[in-house]
Amino acid sequence: MTSKEIKTLARSISQVENSSPKAEELLDEAWRSGNHAYRIGITGPPGAGKSTLVNCLASKFSDSGKRTAVISVDPSSPFTGGAILGDRIRMNALSTRENVYIRSMATRGSLGGLSMRTHDVCDILDGQGFDIILIETVGVGQIELDIAQAADVTVTVLVPESGDDIQAMKAGIMEITDIFVVNKSDRHGAEAMVLNLQSLTKLRNNYSTLPWEQPVIKAVATEEVGIDIIFDKLEQFEIMLKKNDNWESIRNERMKRKVLQLINEALSDSFWTQERKKYLNNELRLSEATDKSPFRIAEILLSSLRNT
Ligand SMILES: Nc1nc2c(ncn2[C@@H]2O[C@H](COP(=O)(O)OP(=O)(O)O)[C@@H](O)[C@H]2O)c(=O)[nH]1
Ligand SMILES: [Mg+2]
């Protein structure tokens, strides 16, 4: 990309992130030309080596001629100047590549908003013709699961000591993960962790309707060990999605979610007139003295909809 193209793209993304008036037009344009990129979610606990892994994978995709974008939703990201010098140098080398674009997302604001903005930024990048979008999300909470699910494939990165993390994550982790990576397997306990995960995946091998068994891959991201295997699995997964029409249905589902969101927002905006807001605030002020409930207030507000 030329520096001018990079600047234009960065500005578009900022406009989407800030919901500026131009955002809608930009997103509309992106949707019309996009939806071809392979979206890869990388999730897992802080410090597991997600950024290091993303760095390796992005280099490989870039080497294979793919236009590659990285979105990092991680405040401590080495991509943006957090972290230690050695990590930063590695990531900087990536950012100078001609076919690579790196962007980190601000984590300010509501988490729900963050997940929505991340989807929108993916759409913008997709519209710009990127082949690969790598999305790094830190942590293992519900919102990360949300963001990870926006991807076509989800890689969960754990480390030999992640036993407790699995416990904490177990609600969603087996369902959303397509590929497990046990990173830092230069450390003690990697083999036990792999076996542990393998037995869990066997128990749940009907985790989805896809003809796919969740692989558990050992890696040492700092030494680029295991990267080729992860890369191959990602390719196999993409081929599998396309062969089974899941590629298409994921995109239809995404389009549907976006339409629902737009309708919800439009209805809510038009509903909350000054008058109704005033009524609500007034009721709240009075509520101590009366026996009003939220159901009753909502019912009265909605009934004004029928009367107009
Ligand atoms: N020993 C070892 N250290 C690693 C490995 N992968 C990453 N690291 C280091 O672990 C730290 C955290 O890595 P990072 O990629 O920022 O983790 P993230 O928080 O999951 O994105 C960094 O200092 C890395 O250099 C690995 O496989 N083995
Ligand atoms: Mg990181």
Side-chain angles (χ1 to χ4, degrees), residues 1-13 16 26-43 50-73 77 79 90-91 93-105 117-137 147-155 178-179 181 210 212 221 224 227-255 258:
M1 291 171 88
T2 66
S3 62
K4 190 167 166 240
E5 284 169 333
I6 292 175
K7 237 186 222 157
T8 310
L9 178 56
R11 202 177 57 218
S12 300
I13 292 177
V16 165
L26 288 167
L27 281 166
D28 181 47
E29 211 174 289
W31 272 93
R32 288 158 186 267
S33 51
N35 266 319
H36 305 297
Y38 185 26
R39 302 183 185 193
I40 303 170
I42 314 273
T43 189
K50 298 179 297 299
S51 296
T52 314
L53 213 68
V54 164
N55 187 59
C56 296
L57 289 170
S59 306
K60 272 202 70 106
F61 279 117
S62 156
D63 284 343
S64 73
K66 308 254 191 203
R67 291 190 67 208
T68 305
V70 174
I71 307 177
S72 179
V73 189
S77 169
F79 293 119
R90 251 195 316 256
M91 315 277 158
L94 178 66
S95 67
T96 60
R97 287 181 181 230
E98 217 254 314
N99 60 356
V100 173
Y101 178 78
I102 302 175
R103 173 79 180 206
S104 83
M105 299 271 304
R117 289 198 308 276
T118 308
H119 292 214
D120 286 344
V121 170
C122 284
D123 297 336
I124 291 286
L125 291 167
D126 211 333
Q128 288 292 316
F130 281 93
D131 303 303
I132 302 290
I133 304 176
L134 288 153
I135 313 154
E136 177 194 351
T137 58
I147 296 176
Q149 274 169 326
D152 298 309
V153 60
T154 297
V155 180
D178 303 302
I179 297 169
V181 173
L210 297 172
W212 181 259
E224 293 178 38
I227 305 301
D228 288 350
I229 304 175
I230 302 170
F231 187 81
D232 288 346
K233 282 289 171 193
L234 286 169
E235 275 197 327
Q236 285 168 23
F237 197 85
E238 181 184 7
I239 292 167
M240 183 275 296
L241 286 179
K242 287 182 170 164
K243 213 162 59 192
N244 290 281
D245 294 331
N246 292 91
W247 184 267
E248 188 104 45
S249 61
I250 289 173
R251 273 146 195 77
N252 287 340
E253 203 45 47
R254 221 175 258 156
M255 171 100 56
K258 189 70 192 170

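Everything numeric in this text was worked out from a predicted model, so none of it was measured.
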Checklist entry - Please walk me through it: do Glu5 and Thr2 pass side chain to side chain contact (heavy atoms under 4.5 Å, CB included)? => result CA-CA 5 Å; Glu5 284 169 333; Thr2 66; 3.3 Å; yes
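- Ile42 is listed as a side-chain neighbour of Leu57, based on a closest heavy-atom distance under 4.5 Å.
- In this structure, the side chain of Glu136 does not engage the main chain of Val73 through any donor-acceptor pair within 3.5 Å.
- Electrostatic pairing of Arg97 and Asp63 counts as a salt bridge here, judged by a charged N lying under 4.0 Å from a carboxylate O.
- Taking the six-membered ring where tryptophan is involved, the planes of Phe130 and Tyr101 are tilted, since the angle between them lies from 30° to 60°.
- Here the NZ atom belonging to Lys233 is positioned 13.5 Å from the CG atom belonging to Asp228, to the nearest 0.5 angstrom.
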Checklist entry - Going through the checks in order, is the side chain to side chain donor-acceptor pair (under 3.5 Å) test met by Ser62 and Thr68? => result CA-CA 6 Å; Ser62 156; Thr68 305; 5.7 Å; no
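- Using modelled atom types, no side-chain atom of Asn55 and backbone atom of Ser51 make a donor-acceptor pair closer than 3.5 Å.
- Val155 places none of its side-chain heavy atoms less than 4.5 Å from the side chain of Thr43.
- No more than 12 heavy atoms of other residues, nucleotides or ligands lie within 6.0 Å of CD in Glu248, so this atom counts as exposed by the packing criterion.
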Checklist entry - Going through the checks in order, is the side chain to side chain contact (heavy atoms under 4.5 Å, CB included) test met by Leu9 and Gln128? => result CA-CA 8 Å; Leu9 178 56; Gln128 288 292 316; 3.6 Å; yes
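- With Glu29 contributing its side chain and Leu26 its backbone, the two residues share no donor-acceptor pair below 3.5 Å.
- When all heavy atoms of Asp126 and Ala37 are compared, the pair lying nearest together is OD1-N, 2.9 Å.
- At least one donor-acceptor pair closer than 3.5 Å links the side chain of Arg254 to the backbone N or O of Ala150.
- Between Cys56 and Ala221, the closest heavy-atom pair is SG-O, 3.5 Å.
- Counting heavy atoms from C-beta outward, Ile179 and Thr154 have side chains that stay 4.5 Å or more apart.
- Distance alone, capped at 3.5 Å, places no donor-acceptor pair between the Arg11 side chain and the Ile6 backbone.
- Put simply, CG on Asn252 and CG on Asn246 are 11.5 Å apart, with the number rounded to the nearest 0.5 Å.
- Between Ser33 and Gly127, the shortest heavy-atom contact is OG-O, 3.5 Å.
- Contact record, Tyr38 with Leu234: OH-O, 2.7 Å, taken as the closest heavy-atom pair.
- Between atom CD of residue Glu224 and atom OG1 of residue Thr52 there is a gap of 10.5 Å, rounded to the nearest 0.5 Å.
- Here CD1 of Ile71 is found 10.0 Å from NE2 of His119. Values are rounded to the nearest 0.5 Å.
- Rounding to the nearest 0.5 Å gives a distance of 8.5 Å between CD of Glu98 and CZ of Arg67.
- Side-chain contact between Val70 and Arg103 is absent, with no heavy atoms from C-beta onward closer than 4.5 Å.
- For the pair Asn99/Phe61, no side-chain contact is recorded, criterion being any heavy-atom separation below 4.5 Å from C-beta on.
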Item to check | side chain to side chain contact (heavy atoms under 4.5 Å, CB included) assessment of Leu94 paired with Ser59 | outcome: CA-CA 7 Å; Leu94 178 66; Ser59 306; 3.7 Å; yes
Next on the checklist: Go through it in stages, so that I can follow the logic: the residues are Arg39 and Asp123, the test is salt bridge (charged side-chain N to carboxylate O under 4.0 Å, His left out), and I'd like the CA-CA distance, side-chain angles, deciding distance and then a yes or no.
Outcome noted: CA-CA 10 Å; Arg39 302 183 185 193; Asp123 297 336; 2.9 Å; yes
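- For Lys60 and Phe231, the positive end sits near the middle of the six-membered ring, less than 6.0 Å away and at most 45° from its axis.
- Shown here is Lys7, whose NZ atom has no more than 12 heavy atoms of other residues, nucleotides or ligands within 6.0 Å.
- Salt-bridge check for Asp152 with Arg251: passed, with a basic side-chain N closer than 4.0 Å to an acidic carboxylate O.
- Between Gly41 and Ala151, the closest heavy-atom pair is N-CB, 3.4 Å.
- Residues Ile133 and Ile135 meet the side-chain proximity criterion, which asks for heavy atoms closer than 4.5 Å.
- The side-chain heavy atoms of Ser72 and Val54, taken from C-beta on, include no pair separated by under 4.5 Å.
- Under a 3.5 Å cut-off, the side chain of Trp247 and the backbone N or O of Glu238 do not form any donor-acceptor pair.
- Considering only heavy atoms from C-beta on, Val153 stays 4.5 Å or farther from Leu241 through its side chain.
- With values rounded to the nearest 0.5 angstrom, Leu27 atom CG is found 5.5 Å from Lys258 atom NZ.
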